[in-house]
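Below you'll find the structure, written out as structure tokens, and then a few comments.
Below, each value reflects all heavy atoms present in this structure, side chains not excepted, and no hydrogens, waters or symmetry copies.
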Amino acid sequence: MIRSARVVVIGGGVIGTSIAYHLAAAGVDDVVLVERDELASGSTARAAGGVRAQFSDELNIQLGARSLEAFDRFGQDLGHDIGLHRVGYLFLLSTPDEVAQFEAGVRLQNDLGVPSRLIDPAEARRLSPLISTDGLLAAAFSPDDGHCTPESVVHGYAAGARRHGATVLRNCEVLGIETWRDTITAVVTGKGRIVTDTVVCAAGAWSRSIGAMVGVDLPVEPLRRQIAVTEPVPDLPPDLPMTIDFTSSLYFHTEGPGLLVGMSDPDERPGFATDTHDRWIPRLCAAMEHRAPALLDLRRTGGWAGLYEITPDHNALIGEAGSCSRFLYATGFSGHGFLQGPAVGEVVRDLYLGRVPFVDISPLSVDRFTADALRPEANLV
């Protein structure tokens, strides 16, 4: 058991392992990552794996674009194949309000260097031939987006962190954080006490309880989301984009020879349950019948449930607490944490080192909720 550390990172998903890697690679010695279970065993392993920069919020666009660059270099930089498929994201738009919203989003994305564009229904069908264009007004597409394998990203970052001297402790639950006069002094785990003056909370859906250990309210709620996997699809286009019917939130992309299919469930209530159920299937089938009827003929061969980490404005919490030195946090990504993991690792590294990050993330501070400065993200899946 490690007895002391310069930094303790809590959480072994993509955010935690990226932070540990970026800190260790920057020369920070004695970085310790603690994960209560196995690496990528929480939300990351159950993510759909989409990576994109098509957001409505400027910060999310910048974090997404920076991460896309890192995913593209991942094999070269970290020596891990993450199964990256840069086949694009295709948002299908069915109402005038959606079209207007995405027109504004595309303008902002283009200003920030993202090659997204609005296309007509016929081009959308050429890109994603499984869809129906009935009632479709337009679509938004960026060829730089795509999907990859979340577990591979986590294990790549963890291996890279170890190579640079970091320690990764699995099956090591955090039981408490000790403080003296609002300064962190140690992290208490199921395997012993780690003396440290710095903690980074990257515990995803479980972050609120970690924040409470030092008196910091991180307003993160867990929400179950389900995914289905289909049988092989004959003649499936190899460059099929991640396709999203924005009105219903139905989405799909290739998963081996079949498809990965998901959709939000408005009847789901916050909680930590990750068992699967079929209550969402009738709504899923209705969305398929309307927008992608070809999917109705496919047999389900598997699926799983995982947790989104939701904040009140569906945007991330990134920053350092003012009430407790030094407690940093990167959590509450509300469904876009995996795809922003590489950039967030850079940002938290710079916050720790006192550097200026490549993007100003102060608007994502948890203090925005008490200052009535919410920062909503519209392009949610």
Side-chain angles (χ1 to χ4, degrees), residues 13-26 39-40 44-45 47-55 57-91 105-106 108-117 127-128 140-161 163-164 237-244 251 253-256 260 316 318 330 333 335-350 357-359 361 379 381:
V14 68
I15 300 296
T17 53
S18 174
I19 291 169
Y21 166 74
H22 283 92
L23 286 170
L39 294 178
T44 298
V51 292
R52 62 178 166 120
Q54 285 190 82
F55 287 96
D57 180 277
E58 181 174 349
L59 284 178
N60 286 331
I61 296 168
Q62 293 171 307
L63 292 170
R66 184 80 160 208
S67 293
L68 283 170
E69 295 173 2
F71 285 128
D72 199 47
R73 300 191 314 267
F74 206 92
Q76 173 185 339
D77 292 350
L78 287 124
H80 267 63
D81 179 8
I82 60 172
L84 178 63
H85 300 279
R86 297 193 80 169
V87 291
Y89 255 62
L90 179 68
F91 285 92
V106 165
L108 178 57
Q109 292 155 22
N110 293 169
D111 287 344
L112 295 170
V114 175
S116 55
R117 66 183 191 273
L127 290 168
S128 188
F141 178 71
S142 175
D144 279 5
D145 300 340
H147 55 90
C148 59
T149 306
E151 298 94 323
S152 297
V153 174
V154 168
H155 290 293
Y157 274 138
R163 283 196 303 272
H164 287 285
D239 56 351
L240 181 77
M242 172 74 132
T243 303
I244 302 164
Y251 65 85
H253 69 64
T254 56
E255 182 78 359
L260 180 152
I318 306 174
F333 289 89
H336 44 272
F338 169 66
L339 65 91
Q340 293 182 349
V344 171
E346 289 187 51
V347 167
V348 174
R349 172 202 64 199
D350 292 342
F358 76 94
V359 63
I361 48 79
N379 293 7
V381 180

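For Leu108, the side chain to side chain contact (heavy atoms under 4.5 Å, CB included) partners at least two apart in sequence or on another chain are Glu58, Ile61, Leu112. Listed by chain and number, the residues in a side-chain hydrogen bond (donor to acceptor under 3.5 Å, both in side chains) with Asn60 are Asn315, Gln340, Glu377 (sequence neighbours excluded). By the side chain to side chain contact (heavy atoms under 4.5 Å, CB included) test, Thr17 is found to be paired with Leu33, Leu39, Val154, Tyr157, Ala158, residues two or more places apart in sequence or in another chain being considered. For Arg117, the salt bridge (Lys or Arg N to Asp or Glu O under 4.0 Å) test picks out Glu123, with sequence neighbours left out. For Ala161, the side chain to side chain contact (heavy atoms under 4.5 Å, CB included) criterion is met by Ala20, Tyr21, Ala166, not counting sequence neighbours. The ring-ring contact (aromatic ring centres under 6.0 Å, His included) search around Phe141 returns none, not counting sequence neighbours. Residues meeting the side-chain hydrogen bond (donor to acceptor under 3.5 Å, both in side chains) test with Glu346, sequence neighbours left out: Arg66. Every residue two or more places apart in sequence or in another chain that forms a salt bridge (Lys or Arg N to Asp or Glu O under 4.0 Å) with Asp57 is listed here: Arg375. With sequence neighbours left out, the ring-ring contact (aromatic ring centres under 6.0 Å, His included) criterion links Phe55 to His336. Partners of Thr243 under the side-chain hydrogen bond (donor to acceptor under 3.5 Å, both in side chains) rule, at least two apart in sequence or in another chain, are Ser128.
No side-chain heavy atom of Asp350 sits less than 4.5 Å from a side-chain heavy atom of Phe358. The side-chain heavy atoms of Val106 and Ser116, taken from C-beta on, include a pair separated by under 4.5 Å.
Note that the NE2 atom of His147 and the CG atom of Leu260 stand 9.0 Å from one another [nearest 0.5 Å]. For the atom pair CG (Asp145) and CG (Leu68), the distance works out to 5.5 Å, reported to the nearest 0.5 Å. Going from atom CG of Leu63 over to atom CD1 of Ile318 covers 5.5 Å, rounded to the nearest 0.5 Å.
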Step by step, work out the side chain to side chain donor-acceptor pair (under 3.5 Å) result for Gln54 and Ser142.
CA-CA 7 Å; Gln54 285 190 82; Ser142 175; 4.8 Å; no

Show, in sequence, the C-alpha distance, side-chain angles and deciding distance for Met242 and Val381, and conclude whether the side chain to side chain contact (heavy atoms under 4.5 Å, CB included) test is met.
CA-CA 11 Å; Met242 172 74 132; Val381 180; 5.9 Å; no

In a table with atom names and distances, give each donor-acceptor pair under 3.5 Å that connects a side chain of residues 76-89 to protein atoms at least two apart or in another chain.
{"residue": "Asp77", "atom": "OD2", "partner": "Arg73", "partner atom": "NE", "Å": "3.0"}
{"residue": "Asp81", "atom": "OD1", "partner": "Gly83", "partner atom": "N", "Å": "2.9"}
{"residue": "His85", "atom": "NE2", "partner": "Gly83", "partner atom": "O", "Å": "3.4"}
{"residue": "Arg86", "atom": "NE", "partner": "Asp144", "partner atom": "O", "Å": "2.8"}
{"residue": "Arg86", "atom": "NH2", "partner": "Asp144", "partner atom": "O", "Å": "2.9"}

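When all heavy atoms are compared, the tightest approach of His22 to Gly345 is CB-O, 3.5 Å. Closest non-hydrogen pair, Pro150 versus Phe338, comes out as CA-CE1, 3.5 Å. For Ala26 against Arg349, the heavy-atom pair with the smallest separation is CB-CD, 3.7 Å. Taking both residues in full, the closest heavy atoms of Leu339 and Val51 are given as CB-CA, 3.7 Å, listed atom of the first, atom of the second, then distance. The two atoms that bring Ala65 and Ala53 nearest to each other are N-CB, 3.7 Å, heavy atoms only.
At least one donor-acceptor pair closer than 3.5 Å links the side chain of Ser18 to the backbone N or O of Gly341.
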